[in-house]
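Reviewing the structure listed below.
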Protein chains: 2
Amino acid sequence: MKLKTDSSTEDKIKEAAKQVFIAKGFSGCTSREIAKAAGMNVALVNYYFRSKSALFKIIFEAAMGDFLLSMLEVFNTSLPLEEKLRNYLDREYQFLTKYPEIPSFIINEMGRKDGANIDNTAVFKCIEHTGIFEECKIEQKAGRMREIDITSITLLMMSNCQFPFMGAAVIKQVHGISDEQYEKQLVQHKQIVTEMLIGYLFPKSQTILQTTKK
Amino acid sequence: MKLKTDSSTEDKIKEAAKQVFIAKGFSGCTSREIAKAAGMNVALVNYYFRSKSALFKIIFEAAMGDFLLSMLEVFNTSLPLEEKLRNYLDREYQFLTKYPEIPSFIINEMGRKDGANIDNTAVFKCIEHTGIFEECKIEQKAGRMREIDITSITLLMMSNCQFPFMGAAVIKQVHGISDEQYEKQLVQHKQIVTEMLIGYLFPKSQTILQTTKK
DNA sequence: CCCTGTTTTAAACGCTTGTTTAAAATTGCT
DNA sequence: AGCAATTTTAAACAAGCGTTTAAAACAGGG
């Protein structure tokens, strides 16, 4: 009896599934397509992973993990908040340059309306667990950060990181630019976003805080 | 012979198809599902629209049209640029509150990797045709607008409008808030986004322009 | 009231889907 | 080498897919 096989087969399937699922979504691809991408039989996919759904769950949760990892690493440092956010923006653009399809993948599959939804409440708990939200509130009370809702801070950060990658195809068509041009554009855009967000969230000097709080 | 029928059948199918396609995507639903949603036979769907793909094309292009309409209406006015952008943000949040799934729908289906892609170059040409991009360049040359790339301006506007709707499910889970709470959040967020973007793009007083231009 | 064209239906088409089966190939061990 | 467990294969399964067919139901004008 073999206890620990080469495992390259199982891994090859996982690797292929990751590529195919992320590129086309759960309902946009077939089991046979994944098998072919891994260079093997359909039955093997179900031999190692019980079903298409079971395999998908593994891939999806791994993607979520990857996505959260860099975020958590930044938030768990002991730098001042402004530096943390700067680092977050930097790391996020780095990550998304490498895996530009992951946000679309996560958002689409989370919003899938076919009853086969995966529960992620536990996954997101660990963001709150870093204490980043509390840190924001402290800085806000101290008058060093603009007093806007924490949810809006999250929205500002995520919008300006993720959309440029999710909506790449649209933007490229609107402005008629090539893939290479857009890649350069994103490098520039990261700087703009950082400058704008940090400037807005941490207004130096006499700027009025509490602008939108009632 | 009947020249102009009630037409309610054709319209009912289109209405049902719109709902189903936008909610689940092209590959996420079936012809029979659309037929059932419209309360009729599968064959009828293909009697009025030749195929699932043909029906999809109609729905997709209508969604694109709806999406662009409010944008064009704003851009074709003769208000000063800053007012135009304020109006754009307002109208866009209004539109997206009503049809929150359209951006995801457009972005996903545009990026679909199965060779059945719809060409939209013509559609996007009409944005450029409003002269909004030229107007930005004029304002930049006159020193009234921050000198950043036009593509980045588009990115900033679209990111902060569309992501809050596309990523709603994620944000709600991260902060554990309800649908109603999030709806209120979005009203507040629109104000924040407007203030931040206008403040950044049209820096009053002594602020240094040309910050990221080399 | 039948006749012509249109709209709707039920049933079938061939094909692909996810999944299972059972036999073949491979492996590790003694 | 021989045996038992594991891995891989080809083939089949029912179910569902998009699409087509042919007949039924319906409409209005003579």
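Order of the sequence lines fixes the chain letters, A, B, ..., with proteins taken first and strands second; residue numbering starts at 1 for each chain.
Salt bridge status for B:E33 with B:K36: absent, with no side-chain N to carboxylate O gap under 4.0 Å.
For DNA chain C, the residues of residues 31-43 of chain A within the heavy-atom distance limit of 4.0 Å (strictly under) are A:S31, A:R32, A:V42, A:A43, sorted by number. Residues from residues 50-63 of chain B lying near DNA chain D, meaning a heavy-atom separation below 4.0 Å, are B:S51, B:K52 in numerical order.
Rounded to an integer number of Å, the gap from B:N46 CG to C:dT8 C1' is 14 Å. In this structure, A:Y47 atom OH and C:dA24 atom C1' are separated by 14 Å, rounded to whole Å. Atom CG of B:L44 is separated from atom P of D:dC26 by 14 Å (rounded to the nearest Å).
Here B:T30 does not reach the OP1 or OP2 of D:dG16: none of its side-chain N or O atoms lies under 4.0 Å away. Look at B:Y48 and you'll find a side-chain N or O under 4.0 angstrom from OP1 or OP2 of C:dT8.
Under the salt bridge (Lys or Arg N to Asp or Glu O under 4.0 Å) criterion, A:K52 pairs with no residue at all, not counting sequence neighbours. The salt bridge (Lys or Arg N to Asp or Glu O under 4.0 Å) search around A:E183 returns none, not counting sequence neighbours. Checked against salt bridge (Lys or Arg N to Asp or Glu O under 4.0 Å), A:K14 has no partners two or more places apart in sequence or in another chain. The salt bridge (Lys or Arg N to Asp or Glu O under 4.0 Å) check on A:K125 picks up nothing, with sequence neighbours excluded. In this structure, B:F49 has no ring pair (Phe, Tyr, Trp, His ring centres under 6.0 Å) partners at least two apart in sequence or on a different chain. B:Y99 pairs by the ring pair (Phe, Tyr, Trp, His ring centres under 6.0 Å) definition with B:F95, not counting sequence neighbours. For B:V42, the side-chain contact (heavy atoms from CB on, under 4.5 Å) partners at least two apart in sequence or on another chain are B:S31, B:R32.
Between B:F21 and B:F26, the two ring planes are parallel [angle under 30°; tilted spans 30° to 60°].
Residue pairs meeting the ring pair (Phe, Tyr, Trp, His ring centres under 6.0 Å) criterion with at least one partner in residues 154-173 of chain B, sequence neighbours excluded, are B:Y93-B:F165. Applying the side chain to side chain donor-acceptor pair (under 3.5 Å) definition to pairs two or more places apart or across chains, those involving residues 58-73 of chain B are B:E73-B:R91.
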Notebook entry, point to check: Which string of ( ) [ ] | and . matches DNA chain C, if you list each base 5' to 3' and count Watson-Crick or G-U pairs only when both distances are under 3.5 Å?
Noted result: |.|||||||||||||||.||||||||||||
